[in-house]
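Let me begin by presenting the structure, written as structure tokens, before commenting on it.
Model, not experiment: these values are computed from the prediction. The figures here come from the full heavy-atom set of this structure, side chains too, leaving out hydrogens, waters and symmetry mates.
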Amino acid sequence: MERGKLIVERVEGKSTLTRCFSKYPFKFIVPKKVGSSQTDAVWIYTITYGGGIVSGDSIAFDVTVADGCNAVLTTQSSTKVYKSIESKCSEQVLEASIGQDALLVVIPDPVTCFSTARYSQTQNFKLVTDSSLLLVDWITSGRHERGEKWAFSHYKSTNRILLQPTQPLFLDTILLEQGSHGSIADRMNDYQAIAMIVLLGPKLKHIQNQIEEDVRKIMSQRPSISSSKPNFIASCSRFGPKGMGVVIRVASTTTEAIYNFLQHQLATMEELLGAPPYR
């Protein structure tokens, strides 16, 4: 399988996409302008032919953000994963390298798996000491309008962050699978969307501190054990040497609540990226 490739380098003092290659079943869209012309960030949208990932599809691409550059990798809508045919599993693999004083922002819309779908994704990030990474990884329960709630067969998402050359910083895997110990829907306890947000590096220090404070406030307002289940829950923790990274996990009874959370928490990124995430 031929891999897609994106390379962002500094050209005449600005972050510039110097290499862009993709092949069916996906492609990249690169708008000429996002926000002010003074903004030093390249926005890249990934889309799939046919509006979603078909059973058995395999997507793989590499992203390189060179020293001093800023890049945003996003989507135009939720990533739809169609039903599995003959138990085939669709997959997506991202390999990313982030240079010195560089920033990669990965802010897709959520994955939405159809009934019986099987999907696996792996995202590997290689950083140096002063690289910055913002990663959002999330999934909804499915197509509510058709009564599908956690009706897919298999979902696995793995994220690895490595501080070059060999120091592992972060490893996270979520696996949701129908099994003999109950359905996914039973285990999710009426929550309809879950998300993980990772913030790492000097360009995101201001957001790290604010989001930690906001999550503490959210959790301090949780109902007591005897009360009803909260509609929105969140947790926040540090990782890496000297707590250099922050990981936030949220679960909500509505997808809209997570969109609102992301919009609010990432609003200050507009100055750096030229447009606020998730608006």
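Looking at Arg19 and Leu6, their side chains never come closer than 4.5 Å, going by heavy atoms from C-beta outward. The shortest side-chain heavy-atom distance between Leu134 and Leu200 does not fall under the 4.5 Å cut-off. Proximity of Gln164 to Thr129: side-chain heavy atoms (C-beta onward) are nowhere separated by under 4.5 Å. Contact of the Lys217 side chain with the Val215 side chain is not registered, since no non-hydrogen atoms from C-beta on lie closer than 4.5 Å. Within the 4.5 Å cutoff, the side chain of Ile59 has heavy atoms near those of the Ile53 side chain. When side chains are defined from C-beta on, Pro25 does not count as touching Thr48, because their heavy atoms never get closer than 4.5 Å. Two residues are said to be in side-chain contact when any heavy atoms from C-beta on lie closer than 4.5 Å; Val247 and Ile197 fail this criterion.
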Given Phe61 and Phe26, is the ring pair (Phe, Tyr, Trp, His ring centres under 6.0 Å) satisfied, shown in steps? CA-CA 10 Å; Phe61 59 99; Phe26 76 105; 5.7 Å; yes

Tell me, with the steps shown, if Tyr24 and Tyr49 meet ring pair (Phe, Tyr, Trp, His ring centres under 6.0 Å). CA-CA 7 Å; Tyr24 184 89; Tyr49 292 89; 5.4 Å; yes

Could you walk me through whether Lys126 and Asn124 pass the side chain to side chain contact (heavy atoms under 4.5 Å, CB included) check? CA-CA 7 Å; Lys126 296 180 180 179; Asn124 297 318; 5.9 Å; no

Could you please spell out the steps behind the side chain to side chain contact (heavy atoms under 4.5 Å, CB included) verdict for Leu133 and Ile161? CA-CA 9 Å; Leu133 170 68; Ile161 302 175; 3.7 Å; yes

Audit row: Asp109, Thr75, side chain to side chain donor-acceptor pair (under 3.5 Å) steps and yes/no: CA-CA 6 Å; Asp109 291 289; Thr75 55; 3.1 Å; yes

Could you go through the side chain to side chain donor-acceptor pair (under 3.5 Å) check for Glu256 and Asn260 one step at a time? CA-CA 6 Å; Glu256 290 74 19; Asn260 292 337; over 6 Å; no

With side chain to side chain contact (heavy atoms under 4.5 Å, CB included) as the criterion, how do Cys89 and Glu91 come out once you've worked through the C-alpha distance, each side chain's angles and the decisive distance to 0.1 Å? CA-CA 6 Å; Cys89 187; Glu91 65 174 357; 5.7 Å; no

Would Val136 and Val106 count as a side chain to side chain contact (heavy atoms under 4.5 Å, CB included) here? Give the steps. CA-CA 6 Å; Val136 178; Val106 182; over 6 Å; no

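By the criterion of side-chain heavy atoms lying less than 4.5 angstrom apart, applied directly or through intervening Ile, Leu, Val, Met, Phe, Trp or Tyr residues, Tyr82 is not grouped with Trp150; the two fall into different hydrophobic clusters. When the side chains of ILVMFWY residues are joined at heavy-atom separations under 4.5 Å, either directly or via intervening members, Leu17 and Leu104 end up in a single hydrophobic cluster. Criterion: ILVMFWY side-chain heavy atoms under 4.5 Å apart, direct or through other members. Under it, Val128 and Leu162 are not part of a common hydrophobic cluster. Grouping the Ile, Leu, Val, Met, Phe, Trp and Tyr side chains by contacts below 4.5 angstrom, directly or via other members, places Ile7 apart from Val63. In terms of hydrophobic clustering, with Ile, Leu, Val, Met, Phe, Trp and Tyr side chains grouped at heavy-atom distances under 4.5 Å, Phe125 and Met196 are assigned to a common cluster.
The salt bridge (charged side-chain N to carboxylate O under 4.0 Å, His left out) test with Asp40 singles out one residue from Lys203, Arg10, Lys14, and that residue is Arg10.
Nearest approach of Ser84 to Arg118, heavy atoms of both residues: OG-CD, 3.7 Å. What you find for Ser131 and Gly99 is that their closest heavy atoms are OG-O, 2.9 Å. A pairwise comparison of heavy atoms in Gly201 and Gln208 identifies N-NE2, 4.1 Å as the closest pair. The two atoms that bring Arg279 and Pro276 nearest to each other are CG-CG, 3.4 Å, heavy atoms only. Considering all non-hydrogen atoms of both residues, Ala41 and Leu272 come closest at CB-O, 4.0 Å. Closest approach of Ala251 and Ile194 over heavy atoms only: CB-CG2, 3.8 Å.
A donor atom on one side chain and an acceptor atom on the other are found under 3.5 Å apart for Thr140 and Thr112. One side chain, Glu9 or Thr18, offers a donor N or O that lies under 3.5 Å from an acceptor on the other. Between the side chains of Asp57 and Ser90, no donor-acceptor pair of N or O atoms lies under 3.5 Å. With 3.5 Å as the limit, one finds no donor-acceptor pair spanning the side chains of Gln121 and Asn159. Between the side chains of Gln100 and Asp130, no donor-acceptor pair of N or O atoms lies under 3.5 Å. For Asn209 and Glu213, the side-chain atoms include no donor-acceptor pair closer than 3.5 Å. At a cut-off of 3.5 Å, with distance as the only test, no side-chain donor of Gln123 or Asp137 sits close to an acceptor on the other residue. No side-chain donor-acceptor contact under 3.5 Å links Gln178 and Ser183.
Distance alone, capped at 3.5 Å, places no donor-acceptor pair between the Lys229 side chain and the Asp190 backbone. With Thr74 contributing its side chain and Ile107 its backbone, the two residues share a donor-acceptor pair below 3.5 Å. A donor-acceptor pair is defined here as one N or O able to donate and one able to accept, closer than 3.5 Å; no such pair exists between the side chain of Ser252 and the backbone of Thr255. For Trp138 (side chain) and Ile258 (main-chain N/O), no donor-acceptor pair under 3.5 Å exists by modelled atom type. Without hydrogens or angle criteria, Trp43 side chain to Leu273 main chain gives a donor-acceptor distance under 3.5 Å. Side chain of Ser132 to main chain of Leu103: no donor-acceptor pair is present (N/O by atom type, distance under 3.5 Å, no hydrogens or angles).
For the pair Arg143 and Phe114, the distance from NZ or CZ to the six-membered ring centre is under 6.0 Å and the angle to the ring normal is within 45 degrees.
Taking 4.0 Å as the cut-off between side-chain N and carboxylate O, Arg238 and Glu212 count as a salt-bridged pair. With salt bridges taken as basic N to acidic carboxylate O contacts below 4.0 Å, one links Arg3 and Asp62.
For residues 242-252, the pairs satisfying salt bridge (charged side-chain N to carboxylate O under 4.0 Å, His left out) are Asp172-Arg249, with sequence neighbours left out.
Between the CG atom of Leu204 and the CD atom of Gln210 there is a distance of 14.0 Å, given to the nearest 0.5 Å. With rounding to the nearest 0.5 Å, the separation of CG in Asp214 from CD1 in Ile207 is 11.0 Å.
Counting heavy atoms of neighbouring residues, nucleotides and ligands inside a 6.0 Å radius, atom NZ of Lys23 does not exceed 12 of them. The 12-atom threshold is not exceeded at CD of Glu12, counting heavy atoms of other residues, nucleotides or ligands nearer than 6.0 Å.
Note: Phe170 and Phe239 have tilted aromatic rings, judged against thresholds of 30 and 60 degrees for the angle between ring planes. Ring orientation note: the planes of Phe261 and Phe232 are tilted relative to one another, at an angle of 30° to 60°.
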